[in-house]
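All remarks here apply to the structure that follows.
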Amino acid sequence: HMALLANMWLLLLFSAAIAGSARVESNVVYTFNMSFALALSRADFYETAHLVAAIQGLANRHVPQLYTFETSTDQDWFNYLRSPSEFMANATIRPIATLDALVDQFKDVYRGAVVYDGTQLTSLSLLASTSAGAESLLPFCHRSNSSSPTLYDRFIASGRIPIVRNLSASTFTGNITGSRKGDAYTWAVKEFIKSNLSDASNMGYYIDYYWVKSNMCCGDPTTDKLMSNLANHDWFIARRAFSFDLSVWSDEKPVDDPTQPLGTDLRAMMEIARAAYEQTGGGMVHVGGFTPWAFKYVQPFGKHEGVETEWQTMHVLSSFNVYVDADACCIGSMNNAAFYAFYPLPERYPPAPFPSRASLVAKGALNPDGSVPPRTFYYFYAGDYDSASWLYSQLPSRWSDGGRGTVPIGWAIDPNLAMRFPVIFPLMRRTATLNDSFIAGDSGAGYLNPGQLYEPRQYSGLPSGVRAWQQHNRKWFNKFGLTFTGFVINGVPPLTDRAEVDYSEFSPGGITAQYDGSVPTVELRDEILPVLHEAADVVNVNASTAAAKMCSFHRSDGRPHFLMFRTILASSSFMRDAALLAQSLCDLRVLSPQEIGALVRVSLGGNNYFIAAYLDDSLPRLLQAGLATPAQFTIRNDGWNTLLQNCTRLSVSVGDTVTSLPLSSDALSGSVFVIHGVVSVPRLPGPTTLEYQLVSSGCGQGQPERYKSMSYSIDVLVQ
């Protein structure tokens, strides 16, 4: 099965049109094969994989120069990056044969060792990862009870690598929190976050050394070892991130610390999240990883279920402006993210053209008179790609499936995943068909509970995080030309109307809220934002069962209806077959998410006016203070109305300095036009924000209409 998927994927990789300015910056890329470690004991595997991840993170901190192999997916992506005109096309590849040679080859990237004893206090392994990134050290576990030579014996006791930091388990007695685990994290917050040794805008949530003590989870030793997620540490170590592994529940003691006072883990998690919030000045905080529910914190290791624990975790973390890149069980392992992070992306991908009247009429989704026919329409949500690791290993076979392109599919990929795996984004854009549309997945540019951004914020008591979330999403939505959020998860309770409206700031094409057990409805919030509610998951079933389930939502009451069906890791062929069967059985009509959003507006009394796509601009990203700068802005009128020259302008802001630029002529619906002008630049130098948006005022539409804006970070330099 794996060989078949690999072959299908390779066919896609080498048949793709390769666009080509991507190049590895170094002339040499070293490789190291980690497959030998899969045959080691649990303790030896953990310590070996931990060491290699740290070397990889430090080696790839400033330049991509070390690539490791552990799974066939790693080899597939390596082969792709070696293809003509790709990232490593001209690199010299130098394999490293042994672990000793690897340690020696990259001796210039580390200062020494951080030593810990995970057998005495399992949480120390993650403090060692934190120290490795913050202080450029390699982690070694000192297992004094080992009956065979360890990496500590080989590299530390022998004197080859000096000890710079010793995380002794005896240091943490429980005298502060009543828990040795709790004391360790309290110390680490002060030592690494509050001192700014760590950059807490990125944090890792991966299982600690307790994995060594736990039972094999899946009956398959290889899968079990990959679920330690040690390979994922490289990216976080490269970025000096803080790592943790804690339970979110305060009503039971975690299995890895059964004598702690109730709630110690939760208090430690909140202490970490608050310190990260303070360090970032109230910005958004990225956490990679997820509750290690194959080994702890959920049934059968506790009384709470998996989804219940997921929702509680997000409820707590969201109140501190934390969003998650959810490397969840049991496919959460990912190698080489620190290497992939150097893959170059364009400054932005323009959004696909907005659905036109004519295209919807041609599909039978809109009557010639502009009304919506009384049919049941829906879109497929293809997820769950809210995790870089899932995107890395699971999307390729779904994307290369032969059924793709035959029916509309909304590929729900959180855009922030480009931080850890940018490679796949240009590949998907190059090979997409007209039936492939791109939307954001869980909650937008990262998974959180939006309701916890509003005051009063349970657990944190912090001020509103709405503006920080909107700015974060605008950055990522603008970069990837996204306008639609396919699945907004809020756990319990459901989203408020206010929270839905606030999504229009960055997701004006629409949002879909999670399934809440009721009959799915649609609304038009603030006369702007289409809001759908998930109808049902169609997972783990065949196409005929899926079609029957979908048809159960069909309604014939003389009105149009709009639905979303969520799939998880489904193949394109499955969605094609289910769609064709559903249309045959009950005349369900599948459309793209963007088409559904356009129809919802029309059917609920709104319109599809005042929609624009910002395709390009020539304004330099380095500007001279006080020097007005000529620029041109290329824009597409995606709205169904004509933009009138006499009442539409482009407002361009460089920091607090605003320039208003007129249109040279009317712009018809669907047309691309260019606005030329001279942009004023503030007199004070420093980093600031470039933002521009069309504004229509006095066009006979009532209040001024402000289009979605485009924004970038730029620098104003001294003349």
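- Using a 4.5 Å cut-off on side-chain heavy atoms (C-beta onward), Y67 and I93 make no contact.
- Ring orientation note: the planes of W399 and W411 are nearly perpendicular, at an angle over 60° on the 30°/60° scale.
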Working for side chain to side chain contact (heavy atoms under 4.5 Å, CB included), residues W476 and L482: CA-CA 8 Å; W476 287 108; L482 302 179; over 6 Å; no
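- Side chains of S170 and S168: a donor-acceptor N/O pair is present below 3.5 angstrom, by distance only.
- Rounded to the nearest 0.5 angstrom, M34 CE and L99 CG are separated by 8.0 Å.
- The aromatic rings of Y392 and W77 lie parallel to each other, their planes meeting at an angle below 30°, with 60° marking the opposite boundary.
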Verdict with supporting geometry, H50 and Y209, side chain to side chain contact (heavy atoms under 4.5 Å, CB included): CA-CA 10 Å; H50 198 189; Y209 201 84; over 6 Å; no
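- A distance of 6.0 Å or more separates the ring centres of Y349 and F425.
- At a cut-off of 3.5 Å, with distance as the only test, no side-chain donor of T73 or D76 sits close to an acceptor on the other residue.
- Within the 4.5 Å cutoff, no side-chain heavy atoms of V114 are placed close to those of T130.
- Residues V103 and I161 have side chains in contact (heavy-atom distance under 4.5 Å, counting atoms from C-beta outward).
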D208 vs K181, salt bridge (charged side-chain N to carboxylate O under 4.0 Å, His left out): CA-CA, chis, key distance, verdict: CA-CA 11 Å; D208 60 21; K181 180 183 181 183; 5.3 Å; no
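- With contacts defined as side-chain heavy-atom distances shorter than 4.5 Å, the pair E310/Y447 qualifies.
- In this structure, L138 and I55 have side chains that are in contact, with non-hydrogen atoms separated by less than 4.5 Å.
- With ring centers used as reference points, Y206 lies under 6.0 Å from F236.
- For N321 (side chain) and M284 (main-chain N/O), no donor-acceptor pair under 3.5 Å exists by modelled atom type.
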Side chain to side chain contact (heavy atoms under 4.5 Å, CB included) evaluation trace for E135 with V164: CA-CA 9 Å; E135 302 173 296; V164 174; 5.7 Å; no
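- Side-chain N or O atoms of D386 include none that pairs as donor or acceptor with a backbone N or O of D414 at under 3.5 Å.
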E86/Y343 under side chain to side chain donor-acceptor pair (under 3.5 Å): CA gap, chis, key distance, verdict: CA-CA 10 Å; E86 258 302 332; Y343 191 90; 2.8 Å; yes
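- Residues F87 and F339 are in side-chain contact: their nearest non-hydrogen atoms beyond the backbone lie under 4.5 Å apart.
- No more than 12 heavy atoms of other residues, nucleotides or ligands lie within 6.0 Å of CZ in R94, so this atom counts as exposed by the packing criterion.
- Between D384 and W390, the closest heavy-atom pair is O-CE3, 3.3 Å.
- Here the side chain of R398 pairs a donor or acceptor atom with the backbone of L569 at under 3.5 angstrom.
- When atom types are taken as modelled, the side chain of N232 and the backbone of M334 share a donor-acceptor pair closer than 3.5 angstrom.
- When side chains are defined from C-beta on, R143 counts as touching D44, because their heavy atoms get closer than 4.5 Å.
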R154/E47 under salt bridge (charged side-chain N to carboxylate O under 4.0 Å, His left out): CA gap, chis, key distance, verdict: CA-CA 12 Å; R154 189 157 139 199; E47 293 161 21; over 6 Å; no
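- For the residue pair S711 and T689, the shortest heavy atom distance occurs at CB-CG2, 4.1 Å.
- Counting non-hydrogen atoms of other residues, nucleotides and ligands closer than 6.0 Å to NZ of K190 gives a total of 12 or fewer.
- Remark: side-chain polar atoms of R82 are paired, donor with acceptor, to backbone N or O of A91 under 3.5 angstrom.
- Between the side chains of S35 and N33, at least one donor N or O lies within less than 3.5 Å of an accepting N or O.
- Taken from CG in N473 to NZ in K475, the straight-line distance is 11.0 Å, to the nearest 0.5 Å.
- Residue N145 qualifies as enclosed at atom CG: its count of foreign heavy atoms under 6.0 Å is above 12.
- Panel note: side chain T433, backbone N435; a donor-acceptor pair is recorded below 3.5 Å.
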Step-by-step side chain to side chain contact (heavy atoms under 4.5 Å, CB included) determination, V189 to K194: CA-CA 6 Å; V189 167; K194 293 187 176 180; 3.9 Å; yes
Stepwise side chain to side chain donor-acceptor pair (under 3.5 Å) test for T313 and Y205: CA-CA 11 Å; T313 301; Y205 183 10; 5.0 Å; no
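- Minimum interatomic distance between N416 and A445 (heavy atoms only, all atoms of both residues): OD1-C, 2.8 Å.
- Side chain of S214 to main chain of W211: a donor-acceptor pair is present (N/O by atom type, distance under 3.5 Å, no hydrogens or angles).
- Taking the six-membered ring where tryptophan is involved, the planes of Y323 and H286 are tilted, since the angle between them lies from 30° to 60°.
- Nearest heavy-atom pair, F295 versus R42, reported as atom, atom and distance to 0.1 Å: CE2-NH2, 4.2 Å.
- Scanning both residues, P426 and L345, for their nearest heavy atoms gives CD-CD2, 3.5 Å.
- Aromatic pair F78/F69: ring centres closer than 6.0 Å.
- Here the straight-line distance linking atom CZ of R239 with atom CG of D234 works out to 9.0 Å at 0.5 Å rounding.
- Note that CG of L58 and CG of D108 are 12.0 Å apart. Values are rounded to the nearest 0.5 Å.
- If you check the side chains of Y152 and Y116, you find no donor sitting under 3.5 Å from an acceptor.
- Separating the CG atom in D325 from the OG atom in S389 is a distance of 7.0 Å, to the nearest 0.5 Å.
- For the residue pair D199/S201, the side-chain donor-acceptor check at 3.5 Å is satisfied.
- Here OG of S129 is found 11.5 Å from CG of L124. Values are rounded to the nearest 0.5 Å.
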Trace of the side chain to side chain donor-acceptor pair (under 3.5 Å) decision for D256 with Y297: CA-CA 9 Å; D256 62 343; Y297 306 149; 3.3 Å; yes
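- Minimum interatomic distance between S136 and R61 (heavy atoms only, all atoms of both residues): OG-NH1, 3.3 Å.
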